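The structure appears right after this line, and notes come after that.
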2 protein chains.
Amino acid sequence: MTASDRSSQQPASRRIADALRASIERGELEAGQKLPSERALAEQYGAARNTAREAIRLLAEQGLVTAKQGRGVFVREPQRLFRFGSDRYSIANRETGLTPFRLEAKKQGKVPRIDVLSITREVPPSDVAERLQVPADSESVVHRENHYFADDEPVQIVSTYLRWEEAEGTLLMQAKSGPNGIYGRLEELGHVMTRVRDEISARMPSPEEARVLDLLPGVPVLEVLHTSLDQNSEPFEVSRYVHRADQTGLLYELPVS
Amino acid sequence: MTASDRSSQQPASRRIADALRASIERGELEAGQKLPSERALAEQYGAARNTAREAIRLLAEQGLVTAKQGRGVFVREPQRLFRFGSDRYSIANRETGLTPFRLEAKKQGKVPRIDVLSITREVPPSDVAERLQVPADSESVVHRENHYFADDEPVQIVSTYLRWEEAEGTLLMQAKSGPNGIYGRLEELGHVMTRVRDEISARMPSPEEARVLDLLPGVPVLEVLHTSLDQNSEPFEVSRYVHRADQTGLLYELPVS
DNA sequence: AAGTGGTCTAGACCACAGC
DNA sequence: CTGTGGTCTAGACCACTTG
């Protein structure tokens with residue numbers, strides 16, 4: 001028993017939203033189906049159109065429905081999750097020659113694409129500087145920004161930060177960084193990835209992120225701040241992953257001491 | 001350079017929102033400070049109050065500002081994160097006699113509280129049944145629902161599922177489950193926690209979750225579906241954690257094979 | 001009492017979908 | 001052309017907070 005019988009006392013927009021939500025949960029309105037139009041809802045409940053509109057907004061904020069201009073409001077389809085596991089850092093996967101993203105995409109029968117947006121020398125953000133142990137007040141890092149797509153749909157934004165002193169003049173400054181990607185080059189520089197630290201948070205996207213990831217209202221992002229540690233427990237690479245949360249999950253499997 | 005000079009062409013509500021966002025990012029409006037009232041904004045921009053209101057809603061959806069009835073709209077304060085690490089499952093922590101949550105709370109100088117809401121025999125949700133390897137069509141599990149607080153502020157909802165056949169008649173059915181909590185009892189039943197699998201996703205809260213966690217609009221939740229595996233790689237416990245994302249982060253530190 | 005956000009009304013014009 | 005959501009106006013009353 002949640003909430004149902006306080007029909008009075010509630011704002012009209014809430015009551016309309018609750019009725020629609022109940023319809024969806026009972027399966028009367030199935031995924032992909034169209035809701036009554038705003039004008040129809042308003043008439044049906046004896047309210048103004050703005051009130052019906054407010055009800056629909058409440059549902060959209062929860063990610064339950066999606067409005068499409070000129071067409072109508074539809075019950076959102078459950079999305080299959082694109083899953084990123086802790087084994088994405090595993091060396092075993094490295095031997096296939098495919099990056100973890102390409103592997104996962106193949107598994108789901110989708111066509112992966114990675115756009116390299118920029119590779120520039122920069123002043124690092126403070127959280128990155130702290131974790132990579134470099135100065136936050138000089139151009140101490142190389143920033144590689146990539147966008148990942150599956151079947152031309154954007155999935156994640158990845159910003160990778162490397163020490164400028166190490167990357168200068170190497171393939172780490174090139175879009176095509178050679179066999180096994182940047183981790184291959186970093187290994188040649190003497191950094192064997194031994195441990196990783198992933199710090200995970202969730203938040204609503206910035207307008208810029210919503211645009212790049214093509215996010216509908218009511219969809220949050222998952223942010224992973226990843227640090228790679230080498231055989232000497234020295235951090236040698238930090239990446240910020242921004243995933244769209246409606247199509248992405250994370251999987252961590254680990255031993256317990 | 002993001003977007004600034006397309007002042008025309010943009011809806012008025014967007015322009016007002018962008019102007020306010022810029023003010024906040026430039027630091028003219030600091031965290032905790034009050035925005036101009038909706039009526040003042042409307043007059044200032046020569047728009048109707050509803051239009052100014054829409055602008056504020058855009059900012060609230062991103063979690064940038066918070067409206068307080070009768071008082072005003074305020075720039076949201078950055079929250080300190082309550083951090084849950086992968087070491088929360090570690091045996092080392094078990095020896096302190098404190099659960100990981102109590103430990104973390106102590107570290108931050110907050111007073112922890114755990115409410116046991118219910119302990120009931122139930123039909124498991126399908127995702128839980130699959131992971132615990134029990135039938136999804138009979139009352140095969142015990143469901144323990146707990147709410148966690150720090151300084152009386154809700155932090156997370158935890159639903160733990162155990163096999164009914166193992167829990168029946170034991171302390172696992174009691175609110176106070178004895179030394180080292182339920183993991184202590186499960187160890188006595190022959191389950192040594194050897195590996196864990198955490199599946200992480202983010203989404204907007206249901207109305208029920210928003211109520212329990214006292215969530216402001218524009219704050220998503222982090223959901224962790226946790227499976228404990230014993231020395232035989234058998235799953236013996238599944239929990240669903242629902243964290244408020246504005247005050248919670250997750251930390252995973254793991255070796256790379 | 002005055003000011004604030006929360007909700008609502010009854011209109012209006014626009015841009016986009018689909019027939 | 002018609003129906004849809006997107007945006008906007010100019011009012012109104014309510015509930016809450018503060019002086």
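Proteins come first, then strands; the chains are lettered A, B, ... in the order of their sequence lines, and each starts at number 1. Note that this is a predicted model, so its numbers are computed, not measured. All values below come from the heavy atoms of this structure, side chains included, with hydrogens, waters and symmetry mates left out.
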query = In terms of side-chain heavy atoms, does A:His143 have a donor or acceptor partner in A:Ser118 at a distance below 3.5 Å?
reply =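 No, no side-chain donor-acceptor pair sits under 3.5 Å.
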ask   = Would B:Glu237 and B:Ser239 count as having a side-chain donor-acceptor pair, cut-off 3.5 Å?
value =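 Judged by distance alone, the side chains do pair up.
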[N] phosphate, OP1 or OP2: any side-chain N/O from [X] under 4.0 angstrom?
| X | N | value |
| --- | --- | --- |
| A:Arg53 | D:dG5 | no |
| A:Ser37 | D:dT4 | yes |
| B:Ser13 | D:dC8 | yes |
| B:Thr51 | D:dT9 | yes |

When the distance from [atom1] of [X] to [atom2] of [N] is rounded to whole Å, what number comes out?
| X | N | atom1 | atom2 | result |
| --- | --- | --- | --- | --- |
| A:Tyr45 | C:dT9 | OH | C1' | 19 Å |
| B:Leu216 | C:dG5 | CG | C1' | 14 Å |
| A:Glu43 | D:dT4 | CD | C1' | 16 Å |
| B:Lys68 | C:dG6 | NZ | P | 12 Å |
| B:Ile16 | D:dT9 | CD1 | C1' | 13 Å |
| B:Lys34 | D:dT17 | NZ | P | 15 Å |
| A:Glu54 | C:dA10 | CD | C1' | 17 Å |
| B:Leu41 | D:dC8 | CG | C1' | 16 Å |

inquiry  = When you measure only distances, ignoring hydrogens and angles, does the side chain of B:Arg49 come within 3.5 Å of the base of C:dG6 through a donor and an acceptor?
reply    =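 Between C:dG6 and B:Arg49, which were checked side chain against base, a qualifying N/O pair under 3.5 Å is present.
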query = Under 3.5 Å, is there an N or O donor on one side and an acceptor on the other linking the side chain of B:Arg39 and the base of C:dG5?
reply = yes
Ignoring the backbone of [X], work out which of [options] is nearest its side chain.
| X | options | value |
| --- | --- | --- |
| A:Ala48 | C:dT9, D:dG6, C:dC8 | C:dT9 |
| B:Glu38 | C:dG6, D:dG6, D:dC8 | C:dG6 |
| A:Gln69 | D:dT18, D:dT9, C:dA15 | C:dA15 |

task = Please figure out whether A:Arg71 or A:Asn50 has its closest DNA chain D nucleotide nearer the 5' end.
result =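 So the residue in question is A:Arg71.
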inquiry  = Main chain of A:Arg39, side chain of A:Arg49: is a donor-acceptor contact present, judged purely on distance under 3.5 Å?
reply    = no
query = Taking A:Arg244 for the side chain and A:Leu213 for the main chain, is one N or O donor matched with an acceptor at less than 3.5 Å?
reply =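 Yes; judged by distance alone, with no hydrogens or angles, the pair exists.
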Toward the 5' end of DNA chain C, by each residue's nearest nucleotide, B:Gly70 or A:Gly46 =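 Taking each residue's closest nucleotide, the earlier one in sequence belongs to B:Gly70.
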request  = Decide if atom CD of B:Glu30 counts as having more than 12 heavy atoms of other residues, nucleotides or ligands within a radius under 6.0 Å.
outcome  = no
message = Strictly by Watson-Crick or wobble contacts shorter than 3.5 Å, is anything paired with D:dG3, and which nucleotide is it?
response = C:dC16
